[in-house]
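Okay, so here's the structure we're looking at.
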Amino acid sequence: MKRKDTVKLISADEMEFVIDKEAAMVSQTIRNMLTSPGGFAETELGEVTFPEISAVILEKICQYFYWALQYSSWYLIRGKETEFHIEPELTLELMMAANYLHT
């Protein structure tokens, strides 16, 4: 996979997650960061740092991006729901991150 086909997401505790750009684009915020004109660092480097999101939460977000890619069209075609499991102890932080990321 080419570097331009991937995005590096960096958590507050400096953990790096390299994911497919298509998966990252599930987030409207990340999409805007990566596609904005003007030579922003995120666009040029293909990296986005989240100083307020921990590695545990960012990992779960990355899992959600892939889940959303896989099941959003599947749900529409078959009319069946699939669940994305969220551990109860992560719920509040995930809700805040999801709000920021527009996912």
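Residue numbers count from 1 along this sequence. Values reported hereafter were calculated over all heavy atoms of this structure, with side chains retained and with hydrogens, waters and symmetry mates removed.
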>> Pair L58, F50 - check side chain to side chain contact (heavy atoms under 4.5 Å, CB included), show working.
In response: CA-CA 9 Å; L58 192 54; F50 298 101; 4.1 Å; yes
Restricting to non-hydrogen atoms, name the atom on [X] and the atom on [Y] that form the minimum distance, rounded to 0.1 Å.
X	Y	result
A23	L69	CA-CD1, 3.4 Å
D13	I53	OD1-O, 4.5 Å
A12	P51	CB-O, 3.2 Å

Please indicate whether [X] has more than 12 foreign heavy atoms, meaning atoms of other residues, nucleotides or ligands, lying under 6.0 Å from its [atom1].
X	atom1	result
E14	CD	no
M96	CE	yes
Q28	CD	yes

To the nearest 0.5 Å, how far apart are [atom1] in [X] and [atom2] in [Y]?
X	Y	atom1	atom2	answer
T35	I30	OG1	CD1	11.5 Å
K21	D5	NZ	CG	8.0 Å
E47	E16	CD	CD	6.5 Å
E59	L9	CD	CG	12.0 Å
E22	R31	CD	CZ	10.5 Å
E52	I57	CD	CD1	13.0 Å

For [Y], is there any backbone N or O sitting under 3.5 Å from a side-chain donor or acceptor partner on [X]?
X	Y	answer
D20	T6	no
S27	A24	no
T43	M33	yes

>> For a 4.5 angstrom cut-off between non-hydrogen side-chain atoms, does L45 reach K8?
In response: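 No; the side chains remain at least 4.5 Å from each other.
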Hydrophobic cluster identity match, [X] and [Y], side-chain contacts under 4.5 Å:
X	Y	result
Y66	Y64	yes
F17	I61	yes
M95	L90	no
M15	V18	no
V56	L101	yes

>> Set out, in order, the CA-CA distance, both residues' side-chain angles and the distance that settles side chain to side chain contact (heavy atoms under 4.5 Å, CB included) for I86 and L94, then state yes or no.
In response: CA-CA 9 Å; I86 298 173; L94 274 171; 3.4 Å; yes
> Is the W67 ring parallel, tilted or perpendicular to the F84 ring (thresholds 30°, 60°)?
Replying inline: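 Plane angle between 30° and 60°, so tilted.
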> Does a salt bridge link E87 with K60, judged by any charged N lying under 4.0 Å from a carboxylate O?
Replying inline: yes
